[in-house]
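Order of appearance sets the numbers: ligands from 1, and atoms from 1 within every ligand. Sequence positions, counted from 1, serve as the residue numbers for this chain.
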Amino acid sequence: MESAALTRWTKKDLIGIRELNREEIEIILDTTPQFLAVSQRVSGIKKVPLLQGRLVVNWFHEPSTRTRTSFELAAKRLSADTLSITASSSSTVKGETLHDTLANIEAMSTDIIVLRHGCSGAPHILAADHSSHIINAGDGRHEHPTQALLDAFTMREALRKLHGNPALNLDNLKVALIGDIEHSRVARSNIHTLTRLGANVTVCGPATLLPRGVEKLGVTRTTDLREALKNANVIYALRIQRERQASALFPSIREYVKLFRIDRESLRFAPDHAIVMHPGPINRDLELSTDVADGPQSVILEQVTNGVAVRMTVMHLLANSGTSRIT
Ligand code: CP
């Protein structure tokens with residue numbers, strides 16, 4: 001494994017993309033192909049010993065399929081030992097604070113804590129006081145940094161393949177984020193990542209699901225799907241997060257489908273080469289029709305494949321670059 005990236009990496013934790021600059025994002029994206037190659041070995045062991053003897057704890061306070069299994073597999077492919085803790089099986093249900101729980105876990109010599117939590121800021125609070133490397137696996141509506149990194153990597157791979165140019169970056173790429181921007185940590189992390197990488201981002205959805213002042217993040221805002229899809233290289237459908245909506249924020253599912261669903265009909269407004277993405281889990285036929293989700297423009301399963309390699313990269317950089325100081 002090439003080690004130049006390790007000497008350039010300075011962060012102890014990965015809390016959000018907001019704290020990363022373009023160079024740091026590119027270190028992650030440029031290191032990921034080495035780990036993708038490990039996962040894609042056709043003969044030989046799909047493992048490297050870069051975290052041998054280290055302990056990675058997956059600590060999930062919210063449900064997850066992709067992120068939890070992806071981190072677990074990434075840790076195993078780096079030869080780490082792994083533990084899983086869920087909210088219902090931990091002593092937080094008996095009133096223990098997150099700090100106390102983590103202090104007790106750390107007494108067993110942990111190296112990396114992967115935390116998903118419903119409260120925005122929970123990983124940040126723990127990172128400031130604990131020596132383990134903390135990785136945010138999604139906190140409330142705030143950020144989901146590894147999702148955005150795997151998304152950017154997937155977009156870059158698709159762009160390079162389309163143009164037959166392995167040096168292309170995301171500068172001037174047109175990305176349309178469609179749907180529930182207001183409640184989406186995925187949207188927030190993607191906006192930070194893509195704008196730092198020079199892409200042009202348009203957010204589109206019902207006015208009630210577009211955060212007030214979102215333009216200040218450097219994006220274009222529209223409620224017109226046709227306008228958002230025009231010239232888009234990437235169409236990124238977001239999940240309608242019914243569990244985070246306090247009240248109905250659009251009149252009916254039928255109306256949302258008619259105005260904002262990505263389906264065969266709305267895809268006619270986008271270029272043929274546009275790729276379709278979604279972070280999962282999909283509400284099939286609500287924000288994305290089944291034929292498009294499973295169709296030739298969809299790279300949704302590539303996102304999942306790339307996620308393991310991106311998370312291997314992140315854990316390698318955090319744990320092997322010598323950045324153990326609490327900042
Ligand atoms: N994309 C994502 O975070 O999916 P999970 O909730 O299944 O982890």
Ligand 1 and Gly280, any nitrogen or oxygen pair closer than 3.5 angstrom?
yes
Keeping the roles fixed (side chain from Arg261, backbone from Asp285), state whether a donor-acceptor pair exists under 3.5 Å.
yes
Between Asp224 and Lys230 (salt bridge meaning N to carboxylate O under 4.0 Å), is one present in this structure?
no
Kindly check if the number of other-residue, nucleotide or ligand heavy atoms within 6.0 Å of CZ (Arg226) is above 12?
no
Quiz question: by atom type and distance under 3.5 Å, do the side chains of Asn306 and Arg156 form a donor-acceptor pair?
no
Among all protein heavy atoms, pick the one closest to atom 6 (O) of ligand 1 and tell me residue, atom and distance.
Arg116 NH1, 2.9 Å
What residue and atom, counting heavy atoms only, is the protein's closest point to atom 2 (C) of ligand 1, and at what distance?
Thr67 OG1, 3.5 Å
Can a donor-acceptor pair be found between the side chains of Thr154 and Glu302 at a distance below 3.5 Å?
no
May I ask you to check if ligand 1 and His144 share an N or O to N or O distance below 3.5 Å?
yes
Cation over ring, Arg116 on Phe60, under 6.0 Å and within 45°?
no
Find all atoms of ligand 1 within a distance of less than 4.0 Å from any non-hydrogen atom belonging to Thr65, and give their numbers and elements.
5 (P), 7 (O), 8 (O)
Gln147: numbered ligand 1 atoms lying under 4.0 Å from its heavy atoms
1 (N), 2 (C)
Nearest non-hydrogen protein atom, atom 4 (O) of ligand 1
Arg66 NE, 3.1 Å
Nearest neighbour in protein (non-hydrogen) for atom 1 (N) of ligand 1
Pro279 O, 2.8 Å
Given that the side chain starts at C-beta and the backbone is N, CA, C, O, which of these parts of Glu62 lies under 4.0 Å from ligand 1, counting heavy atoms, or is it both or neither?
neither
Has His133 got a side-chain atom pairing as donor or acceptor with Lys12's backbone, closer than 3.5 angstrom?
yes
